[in-house]
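Written out below as structure tokens is the structure these notes cover.
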Amino acid sequence: MLVANAALSGEVQRSQEALKIALLTVEKLKVEVAYLRRMKFGRSSEQLEHAQLDLVGGQLTQPAVQAQTTDDGSEQHSNVASLDQSRKKRQAKERAGTGVRDLPAHLPRRIVEHLPQGGCDCEACGRNRHEIGKDISEVLDYVPGTFHVVRHVRPKFACAACSTFAQAPSPSRPIDRCMAGTGLLAHVLVSKYCDHTPLYRLCQIYAREGVELPRSTLADWVAQAARLLSPLAEVIGRYVLTADKIHGDDTPIRVLGGAGNKARTGRLWVYVRDDRPSGDTAPPAVWFQYSANRKGEHPVRHLRHFKGILQADAFAGYHPLYEDGRVTEAGCWSHARRKMWDIQERQHKLADTLAHQALLRIGKVFGVEVDIRGKPPDERQRVRQARTGPMLRDLREWLNTTLSQVSAKSPMALAIGYSLSNWTALTRFVDDGRIEAHHNAAERELRGVAIGRKNFLHLGSDNGGISAAVIYTLIGSAKLAGMDPQAYLRHVLERIADHPSNRIDELLPWAVADELVKAAPATPTSADKLAA
């Protein structure tokens with residue numbers, strides 16, 4: 001009997017342990033589902049606004065009215081909602097302004113004069129009327145982009161006296177025997193890789209203008225333009241890798257041509273040089289690379305000549321780079337914070353949860369970074385050691401204490417484990433003013449890729465991935481330089497076919513920025529606007 005009871009008790013205990021593990025697994029899967037839903041359907045912002053508002057019946061509770069005692073002893077009530085409304089009203093009033101609305105001065109003006117009935121002759125007495133003033137109003141109008149044909153005419157000349165023949169050489173084209181001009185090629189590239197418009201939609205837009213262009217033709221133009229521009233993208237890549245610190249990240253993208261002609265998952269890798277937050281004046285730039293998978297051999301190959309600091313997530317594929325000391329690892333607090341944020345989202349943003357407390361503590365670290373943005377590295381290092389260092393020591397103690405209070409397999413334990421296991425990389429920025437607390441610079445460059453893949457769904461092949469990496473490199477670097485990517489691509493396409501390969505640096509975005517500014521239409525003066 002005792003043996004049977006002992007066996008039964010053991011069975012009950014094992015069942016309870018199995019149930020506990022199952023419940024933890026379910027909770028972990030719920031967090032993962034919530035994360036995937038937010039990534040696909042939710043907002044991308046991870047700001048901690050409204051984090052202290054509870055959900056009641058599926059709706060947010062109204063902010064409570066807080067009473068504040070003034071100097072004269074009376075109570076002054078402030079309502080968060082009313083303050084928010086007053087702020088919105090003030091902003092709307094500021095936007096509305098007074099008087100005639102000023103439209104951009106650089107836009108061309110088309111003057112339309114409206115004369116009264118009868119013109120200059122008075123309808124009452126028939127005499128001439130004199131102008132005593134005028135009222136001027138402006139409206140902003142738009143004419144869709146129009147096509148035009150450039151006809152190149154090359155007259156032939158012959159000399160009867162000496163029997164010689166003369167004719168101007170045929171103008172160079174970026175793509176041989178291609179009917180597309182540089183402006184159209186630049187528009188196609190920017191429409192797909194900057195404005196995220198699929199080629200089939202671009203065909204429909206062009207068709208409404210009376211120009212029928214097959215999608216296969218546009219795809220061929222993109223591929224040939226990418227091959228033409230690839231040397232310039234390689235130069236940008238070499239420039240990025242000469243920095244002391246770069247940001248690295250990757251993102252998946254669907255590619256056709258897998259087994260059984262099925263779609264598979266390729267990868268776009270991004271490496272960003274942007275030291276403006278630490279007061280560096282070197283031009284920022286971004287370099288994209290494509291691979292058919294996410295094996296660690298790809299970043300190792302991309303960064304084989306790089307020596308410096310790599311700010312990235314904890315992807316294991318980067319680890320071979322750190323083994324010989326040639327590359328220094330710097331972690332990303334945005335990734336550590338995001339794991340807490342996913343748990344907080346699962347808990348409906350309730351206040352006073354462990355995840356919420358972690359978010360508040362990490363938020364203080366980011367607050368220091370806002371204050372020192374753009375300062376020199378030595379000043380950033382001094383401020384971080386004085387302010388951020390104690391915050392991180394307190395955070396680590398809190399994480400260790402919390403880890404001992406939660407289940408080892410819970411989502412909270414996994415989130416804490418990520419931070420503690422990468423603590424050295426995550427805190428390296430405190431003692432080096434060149435390093436950022438995060439690698440958001442790389443994530444910002446991948447934002448356009450994420451929007452684009454939602455629109456055009458997939459790439460046609462691995463070659464399409466290589467072409468995309470080239471165009472994303474040029475467009476991203478032009479945007480970081482504060483340039484119009486379409487104007488930059490047109491400028492490059494007009495010259496690169498005949499440009500000497502040993503002087504390709506002359507076509508880099510920051511090298512032609514001044515030239516493009518000078519070539520831009522002049523801004524009308526105040527006298528011109530008055531005359532209009």
Side-chain angles (χ1 to χ4, degrees), residues 189-190 193-194 225-250 268-291 298-312 318 321 326-328 330 374 377 432 434-436 439-446 448-449 466-485 487-493 495-497 499-517:
L189 297 177
V190 170
Y193 295 105
C194 183
R227 283 195 293 270
L228 182 65
L229 297 170
S230 58
L232 185 57
E234 293 175 1
V235 173
I236 293 178
R238 290 195 293 270
Y239 170 77
V240 169
L241 298 184
T242 58
D244 294 332
K245 173 187 64 68
I246 62 173
H247 299 264
D249 204 351
D250 65 283
L268 275 175
W269 306 80
V270 63
Y271 305 99
V272 182
R273 175 179 181 174
D274 189 357
D275 293 323
R276 291 175 296 178
S278 59
D280 196 342
T281 57
V286 57
W287 182 44
F288 281 86
Q289 287 288 279
Y290 169 80
S291 66
H298 302 299
V300 172
R301 184 181 72 255
H302 301 156
L303 305 179
R304 62 186 180 275
H305 300 305
F306 174 68
K307 296 180 180 179
I309 302 166
L310 173 61
Q311 187 124 31
Y318 295 126
L321 294 168
R326 179 173 51 88
V327 179
T328 303
D432 192 333
R434 299 171 299 172
I435 304 176
E436 298 298 310
H439 80 318
N440 290 351
E443 293 194 351
R444 282 194 297 267
E445 297 305 319
L446 290 177
V449 179
I466 297 173
S467 298
V470 171
I471 306 304
Y472 277 130
T473 296
L474 297 181
I475 290 178
S477 298
K479 292 170 68 174
L480 285 175
M483 303 171 61
D484 176 10
Y488 171 67
L489 285 181
R490 178 166 188 166
H491 178 88
V492 171
L493 289 170
R495 294 161 175 79
I496 194 169
H499 197 83
S501 58
N502 59 348
R503 291 165 47 196
I504 196 70
D505 293 1
E506 297 175 357
L507 298 179
L508 291 171
W510 48 92
V512 302
D514 294 339
E515 185 177 351
L516 288 181
V517 170

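Just so you know, these numbers come straight off a predicted model, no measurement behind them.
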Query - side-chain contact (heavy atoms from CB on, under 4.5 Å) between Asp275 and Thr281, intermediate numbers included - result: CA-CA 8 Å; Asp275 293 323; Thr281 57; over 6 Å; no

Query raised in the report: Do Thr242 and Arg273 meet the criterion of a side-chain donor-acceptor pair at a distance under 3.5 Å?
Result: yes

Query raised in the report: How about His247 and Lys245: does a side-chain donor come under 3.5 Å of a side-chain acceptor?
Result: yes

Query raised in the report: Do Ile496 and Ile504 come within less than 4.5 Å of each other through their side chains, counting heavy atoms only?
Result: yes

Query raised in the report: Are the side chains of Ile246 and Val272 in touch, meaning some heavy atoms are under 4.5 Å apart?
Result: no

Requested in this report: Go through the steps to decide whether Leu268 and Gln289 satisfy the test side-chain contact (heavy atoms from CB on, under 4.5 Å), and finish with yes or no.
Outcome: CA-CA 6 Å; Leu268 275 175; Gln289 287 288 279; over 6 Å; no

Query raised in the report: How are the rings of Phe288 and Tyr472 set to each other: parallel, tilted or perpendicular (split at 30° and 60°)?
Result: tilted

Requested in this report: Looking only at non-hydrogen atoms, find the nearest pair between Tyr488 and Pro509 and report the distance.
Outcome: OH-CD, 3.3 Å

**Report entry** Main-chain N/O of Pro377 paired with Arg434 side-chain donor or acceptor, under 3.5 Å
**Finding:** no

**Report entry** Minimum side-chain heavy-atom gap Ile309-Asp432 below 4.5 Å
**Finding:** yes

Query raised in the report: Taking side chain as C-beta onward, heavy atoms only, is Leu508 less than 4.5 Å from Ile236?
Result: yes

**Report entry** NE2 on His499 to CG on Leu232, rounded to 0.5 Å
**Finding:** 9.0 Å

Query raised in the report: Once you round to the nearest 0.5 Å, how far does CG of Asn440 lie from CG of Asp274?
Result: 11.5 Å

Report summary line: Value for OG (Ser477) from CE (Met483), rounded to nearest 0.5 Å, stands at 10.5 Å

Report task. Taking atom types as modelled, find out whether His491 and Arg495 have a side-chain donor-acceptor pair closer than 3.5 angstrom. Result -> yes

Query - Atom of Ser291, atom of Trp269 and distance for their closest heavy-atom approach - result: OG-NE1, 2.7 Å

Query - Evaluation steps, side-chain contact (heavy atoms from CB on, under 4.5 Å), between Ile475 and Leu489 - result: CA-CA 8 Å; Ile475 290 178; Leu489 285 181; 4.1 Å; yes

**Report entry** Test of ring centre spacing under 6.0 Å for Tyr271 and His302
**Finding:** yes

Report summary line: Rounding to 0.5 Å, atoms OG1 (Thr328) and CZ (Arg326) come to a distance of 10.5 Å

**Report entry** Leu310 vs Tyr318, side-chain contact (heavy atoms from CB on, under 4.5 Å): CA-CA, chis, key distance, verdict
**Finding:** CA-CA 9 Å; Leu310 173 61; Tyr318 295 126; 3.8 Å; yes

Requested in this report: Only counting residues at least two apart or in another chain, list the ones meeting ring-ring contact (aromatic ring centres under 6.0 Å, His included) with Tyr239.
Outcome: Trp510

**Report entry** Ala497 to Leu228 - nearest heavy-atom pair and separation
**Finding:** CA-CD1, 4.3 Å

**Report entry** Heavy-atom side-chain contact between Val470 and Arg227 under 4.5 Å
**Finding:** no

Requested in this report: Mind checking the CG-NE2 spacing from Asp250 to His298? Nearest 0.5 Å is all I need.
Outcome: 10.5 Å

Query raised in the report: Should Leu493 and Leu229 count as side-chain neighbours, where that means a heavy-atom distance under 4.5 Å?
Result: yes

Report task. Please check if the side chain of Arg503 supplies one atom and the backbone of Pro500 the other of a donor-acceptor pair under 3.5 Å. Result -> no

Report summary line: d(Asn502 CG, Glu506 CD) to nearest 0.5 Å is 8.5 Å

Query - Closest non-hydrogen atom pair between Ala312 and Gly248, with its separation - result: CB-O, 3.5 Å

Report task. Check whether any side-chain heavy atom of His439 lies under 4.5 Å from a side-chain heavy atom of Asp249, and answer yes or no. Result -> yes

